[in-house]
Number of protein chains: 2
Amino acid sequence: MTVMETTGTRTDTCAGPPQQNRRPDGDDHYTISEVVAFTGLTAHTLRWYERIGLMPHIDRSHTGQRRYTNRDLDWLDLVGKLRLTGMPVADMVRYAELVREGDHTYGERFQLLKTTREDVLARIDELRGTLAVLDRKISFYADAGQALASERSR
Amino acid sequence: MTVMETTGTRTDTCAGPPQQNRRPDGDDHYTISEVVAFTGLTAHTLRWYERIGLMPHIDRSHTGQRRYTNRDLDWLDLVGKLRLTGMPVADMVRYAELVREGDHTYGERFQLLKTTREDVLARIDELRGTLAVLDRKISFYADAGQALASERSR
DNA sequence: TAGAACCTTGGAGTGCGCTCCAAGCAAGCG
DNA sequence: CGCTTGCTTGGAGCGCACTCCAAGGTTCTA
């Protein structure tokens, strides 16, 4: 007799490979602690994400407890990925707003994703530069270690 | 009549390509604002780095103003790279301490560098995963854009 | 039906990496 | 000489992304 509704407008669906341990759609009502187990986020963080508008409105049980759906988990997966890129939470909130505003924001969302993609490519490049520096330093230290070893063995 | 000393023990040198706009060694005494121009850091940040032990002791002019050397700039370059990896400042301070402690810390520095290298590889991998997600979403939005466009042209 | 485990809220607190402030000294210029 | 510009210090403040608290209601297991 409780929660059976789905949110309706599927306006940001392109899920990718299905996640492990999920219940089938229509039977997908997870408590906050289940979502904690899935995502590795804390319950505090999940509630905070909702407060700042980073999550859509989450279904509630008849007593007001949160019941997350598979769609919510998909969204959290995306948020997790974007977080890894260093995207500020405020930007993710902006993206969430665009999704809520409906289909006429497709263009803006598209731009935002493309910009983010460029940022990610740039970060990968930076990291490669850093890797080169580390490798130079590491081989320097390896050589120095060799020198000390042969020093010691003399 | 002022600052002409060099720090002595070259215990972490493996400079890589020489930087632009630098003065030759022995004539390398940069004011803090010159270093700001080189590094893009603020003077506040440079002084803060020194306070927390992330920098070696910086030479001073006869009136107590900081005079950075080429070696200091090299160190700041490394710090900048490490910062890009997301390494916490505290860990960089630890590395700086090891450098100050002398040659018997070679081994520990070597380990720290190798661990960092692994972290960087892992981060690059994460970013590649995110890139894949973004690309999927982007092509989804591109298709949706196409659909909307043909909708409009009908 | 008792008790443990879990959930709710608004608001306050934390840790990190800066970032800025006030008050004062020093150097160069007209 | 006064003025501007640049540097010094210790300590306070800030923005971000959580993280936690207190006080109370709910759900599950024995």
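Reminder, nothing fancy here: chain letters follow the sequence lines and each chain counts from 1.
- Put simply, CD1 on B/I52 is 8 Å from P on C/dG17, counting in whole angstrom units.
- Considering only side-chain N and O atoms, B/R60 lies under 4.0 angstrom from the phosphate OP1 or OP2 of D/dT9.
- Evaluation of the ring-ring contact (aromatic ring centres under 6.0 Å, His included) rule for A/Y30 yields A/F38 as partners, not counting sequence neighbours.
- Partners of A/R117 according to the side chain to side chain donor-acceptor pair (under 3.5 Å) rule, which considers only residues two or more places apart in sequence or in another chain, are B/D135.
- Distance B/W48 CH2 to D/dG13 C1': 14 Å, rounded to the nearest Å.
- Distances shown here put a side-chain N or O of A/R66 below 4.0 Å from the OP1 or OP2 atom of C/dT8.
- Taking atom CG on A/L46 and atom P on D/dT19, their separation rounds to 12 Å, with Å as the unit.
- Atoms CD1 (B/I32) and P (C/dC25) sit 20 Å apart, rounded to a whole Å.
- Evaluation of the salt bridge (charged side-chain N to carboxylate O under 4.0 Å, His left out) rule for A/R94 yields A/E97, A/E108 as partners, not counting sequence neighbours.
- For A/Y49, the ring-ring contact (aromatic ring centres under 6.0 Å, His included) test picks out no residue, with sequence neighbours left out.
- Computed from coordinates, the B/H29 NE2 to D/dC7 P distance equals 17 Å when rounded to whole Å.
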Check nucleotides 3-5 of chain C against the protein and report each pair of N or O atoms closer than 3.5 Å, with its distance, or say if there are none.
none

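- The nearest whole Å value for the distance from the CG atom in B/L41 to the C1' atom in C/dC18 is 11 Å.
- In this structure, B/R83 does not reach the C/dG17 phosphate: none of its side-chain N or O atoms is under 4.0 Å from OP1 or OP2.
- Residue B/S33 places at least one side-chain N or O closer than 4.0 Å to OP1 or OP2 of D/dC7.
- Every salt bridge (charged side-chain N to carboxylate O under 4.0 Å, His left out) that B/E34 has, sequence neighbours left out, goes to B/R23.
- Spacing between atom CD of A/E50 and atom P of D/dC18 amounts to 15 Å, rounded to whole angstrom units.
- Atom CG of A/D59 is separated from atom P of C/dC7 by 16 Å (rounded to the nearest Å).
- Look at A/R47 and you won't find any side-chain N or O under 4.0 angstrom from OP1 or OP2 of C/dG11.
- How far CG of A/L131 is from CG of B/L84: 12.5 Å, rounded to the nearest 0.5 Å.
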Under 4.0 Å protein heavy-atom contacts per nucleotide of nucleotides 20-30 of chain D, with B for base, S for backbone only and - for none: B-----SS---

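- Contacts of A/E50 classified as salt bridge (charged side-chain N to carboxylate O under 4.0 Å, His left out), with partners at least two apart in sequence or in another chain: A/R60, A/R66.
- Taking 4.0 Å as the cut-off between side-chain N and carboxylate O, B/R109 and B/D91 do not count as a salt-bridged pair.
- The salt bridge (charged side-chain N to carboxylate O under 4.0 Å, His left out) check on A/E126 picks up A/R123, with sequence neighbours excluded.
- Not one side-chain nitrogen or oxygen of B/Y49 sits closer than 4.0 Å to the OP1 or OP2 atom of C/dG17.
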